[in-house]
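Notes for the one structure printed next.
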Amino acid sequence: MELHAYTKNLNEIFSLNKKYIVPRFQREFSWTKEEITEFWEDITTCISQTKKGSKTLKNEDYFIGSLVLIGDDASFEHSIVDGQQRLTTLTILLRALSDAFIAAGENQIGMALYSNYIEGTDNDGKPYFKLVNETPKPYFQSEIQHIQPEKDYQPTTDEEKLLQETFLFLKSNLEEKNLSRIFPSTPYQEALKSIRTQTLNHLKFIYINVKKEDDAYSIFETLNARGMSLSSVDLIKNWIFKKLKRTHPSDVARKIWKEISEELRSRQTPIGIENFFRHHWNSKYGYSSEDRIYKSFKLLTKNGEIGDAKVFLDSLKTEAKTYNKICNPLESDWKQQQEKNIYSSLTALNIFKVTQARPFILALFENKSNINANHLVKTMQALEHFHFAFTAVCSSRASGLDGKYAKSAKDIRFSKNKADSKRILNDLIESLIQKTPSESAFLDGISNIWFCNEYTKDKKLIQYIFSKIETFHQGSNELKLHEFSLEHIQDQKEDGDFMGCIGNLTPLAADVNNAIPEGSTLEQKVKYYKKSSLQTVKILTADIEKRGIKKWSDKEINSRTAAIGKNLYHTIMKIEKI
């Protein structure tokens with residue numbers, strides 16, 4: 001491998017007649033306000049007064065990182081292997097500086113910055129941008145890089161929105177009112193010049209050139225795999241794009257990767273590609289922690305288990321759609337009547353914030369043809385009931401659960417018939433039964449679930465519980481969470497020790513609940529409760545009248561909380577094998 005390494009500043013990099021291209025395998029621009037703020041502070045803290053109270057400023061050198069490029073010194077075009085985020089941010093800063101100088105009446109300086117470091121002219125006299133990035137095109141080029149923004153494009157992707165936020169943040173910080181807080185004794189134009197000098201001459205790169213693309217990929221892995229500045233996904237994307245080099249007539253790898261990213265962002269809650277990939281990996285290839293996925297990937301490519309990059313990429317695309325249905329369930333995804341129960345279980349698992357089971361669920365849905373439809377529904381209910389007790393109520397943590405889900409996922413994914421699938425599913429369910437919290441732990445957890453006007457964190461969980469109780473009593477027609485409110489039987493104003501417990505709550509239609517006069521006694525409330533068509537409320541009112549209860553005391557609350565808990569544990573949410 002032939003490479004050349006130098007120390008260079010931004011002036012030496014951008015003033016040359018060269019074009020720096022962000023290649024296909026690079027990640028999108030991803031710096032958030034936190035990274036941009038740190039970047040800005042790194043620049044400004046290296047600028048100080050020559051002496052206390054002085055109007056003049058001095059600059060200090062600052063090492064900003066490595067810049068690894070494909071192309072020798074004579075090349076016009078260089079592909080960026082490492083340093084894309086920094087070069088993009090510096091380009092945006094120079095563009096914001098150019099605007100700041102022009103706004104301050106220093107038009108020549110502003111235009112010189114632009115023509116020397118942002119837009120150049122090639123040997124044929126044609127203009128070009130020094131930094132070329134196709135992903136956010138045309139937004140980045142026309143709205144940020146160009147000296148006269150076209151204002152025709154609004155940011156639509158996450159990357160474009162981050163680029164816009166970065167530009168606006170740096171423009172704001174370069175305004176006179178903000179810069180004067182950092183350099184109070186220095187005239188505004190001089191402060192701008194110091195920022196320019198610091199950016200161009202005192203930010204130091206380790207500048208590395210390699211001639212061969214394959215060598216660049218190797219450096220890319222070496223620089224990042226050990227330090228984990230890039231995720232396993234970035235490194236595997238690097239491998240895919242290396243294998244699928246063809247870009248004409250279309251760049252298939254880039255197109256499919258973009259489709260995967262868009263799919264994962266297409267529903268209410270956007271999904272990070274790292275989370276999806278980790279769960280896909282654990283679902284298909286066995287459990288690996290994030291820091292070991294790439295090592296496992298390298299091993300599987302070496303032994304030939306993963307070989308065809310296009311097949312691997314197509315699999316990711318297919319399963320991204322399935323994964324999105326798991327993370328963002330829609331009733332329209334499950335059109336058959338029996339499948340409505342699957343939708344309900346997926347919704348519940350998201351209420352519980354359960355992610356551990358996703359690799360297994362992904363495999364379950366990918367091999368539905370070899371699983372009895374009724375067994376699929378019952379397995380999803382077993383997952384729902386287990387995580388209700390284990391996660392939502394008891395907040396338990398168990399070592400080995402991730403590994404068990406991954407093993408079961410791989411087993412069920414490659415099962416050949418329905419009998420084999422049933423055995424695998426029952427083996428997992430038996431493991432879940434063994435890990436289910438004890439009755440006493442469950443009842444303790446139920447007693448700690450709380451809802452009042454000042455504490456609403458558990459509201460959806462409590463609504464979920466009442467919807468399950470109501471469904472159990474009615475036998476069908478599950479009550480939807482948005483269709484009822486929660487009524488406090490003992491008034492919240494009494495501020496009792498158990499006022500927010502589930503034993504003091506009952507579901508009511510909003511119109512019935514709102515009709516109850518403030519400060520009503522229990523006897524008065526019961527008259528309104530009787531207007532409810534919910535079986536849960538009918539059972540409550542019948543019990544109150546049968547026992548002649550005049551006041552809903554702490555004793556009644558605790559008794560009903562325990563009764564609800566026992567009914568859930570032993571009957572309604574019992575985990576059963578298929």
Side-chain angles (χ1 to χ4, degrees), residues 228 231-233 271-272 274-300 305 319 322-323 326-327 345-346 348-367 371 375-376 378-415 420-446 448 461 568-570 573-578:
M228 291 306 294
S231 68
S232 297
V233 177
I271 302 163
E274 289 84 4
N275 287 336
F276 158 64
F277 187 87
R278 178 166 53 87
H279 286 157
H280 165 80
W281 183 268
N282 289 342
S283 175
K284 195 168 185 177
Y285 301 103
Y287 178 75
S288 287
S289 57
E290 166 59 29
D291 60 345
R292 293 195 61 83
I293 287 177
Y294 187 63
K295 292 179 182 178
S296 300
F297 175 82
K298 293 284 283 184
L299 182 64
L300 294 184
E305 191 170 335
E319 298 206 5
T322 306
Y323 189 78
I326 294 169
C327 301
S345 292
L346 288 172
L349 291 170
N350 281 290
I351 291 172
F352 308 155
K353 295 181 172 56
V354 171
T355 60
Q356 288 171 302
R358 286 176 180 173
F360 173 73
I361 298 171
L362 183 59
L364 198 65
F365 293 166
E366 286 298 315
N367 194 21
I371 301 170
H375 294 170
L376 181 64
K378 286 185 175 295
T379 300
M380 289 302 301
Q381 287 176 340
L383 292 173
E384 175 189 352
H385 292 182
F386 169 74
H387 279 290
F388 169 69
F390 187 85
T391 306
V393 175
C394 295
S395 302
S396 302
R397 296 182 183 276
S399 59
L401 194 56
D402 285 332
K404 181 61 182 177
Y405 275 135
K407 181 183 183 305
S408 298
K410 191 173 181 181
D411 290 343
I412 200 67
R413 184 184 283 272
F414 299 108
S415 66
D420 191 34
S421 296
K422 181 179 180 181
R423 177 189 57 78
I424 295 166
L425 297 178
N426 271 329
D427 177 69
L428 173 63
I429 294 170
E430 180 59 38
S431 296
L432 299 182
I433 291 171
Q434 295 301 319
K435 290 182 181 293
T436 301
S438 66
E439 179 184 353
S440 60
F442 181 82
L443 294 179
D444 282 344
I446 284 289
N448 288 322
L461 177 59
L568 289 167
Y569 189 82
H570 292 290
M573 303 298 286
K574 185 178 180 181
I575 306 168
E576 296 179 331
K577 295 172 75 171
I578 58 179

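- When only modelled atom types and interatomic distance are considered, S415 and N367 share a side-chain donor-acceptor pair under 3.5 Å.
- Shortest non-hydrogen contact noted between A409 and A363 is O-CB, 3.2 Å.
- Taking each heavy atom of P437 and F390 in turn, the nearest pair found is CG-CA, 3.9 Å.
- Among Y285, Y405, F360, Y323, the single residue meeting the ring-ring contact (aromatic ring centres under 6.0 Å, His included) criterion with H279 is Y323.
- Environment of NZ in K404: crowded, with over 12 heavy atoms of neighbouring residues, nucleotides or ligands closer than 6.0 Å.
- The closest donor-acceptor contact from the side chain of T391 to the backbone of K353 lies at 3.5 Å or more, if one exists at all.
- For K378, the NZ atom counts as loosely surrounded, since its 6.0 Å shell holds 12 or fewer non-hydrogen atoms of other residues, nucleotides or ligands.
- Between the side chain of N350 and the backbone N or O of I326 there is at least one donor-acceptor pair closer than 3.5 Å.
- Judged by distance alone, with hydrogens and angles left aside, the side-chain atoms of N426 form no donor-acceptor pair with the main-chain N or O of K577 at under 3.5 Å.
- Remark: the E439 side chain and the H570 side chain contain an N/O donor-acceptor pair separated by less than 3.5 Å.
- Contact record, T322 with E366: OG1-OE2, 2.6 Å, taken as the closest heavy-atom pair.
- H385 contributes a side-chain N or O that, together with a main-chain N or O of K574, makes up a donor-acceptor pair within less than 3.5 Å.
- Comment: K407 engages D411 in a salt bridge, judged by a side-chain N to carboxylate O separation of less than 4.0 angstrom.
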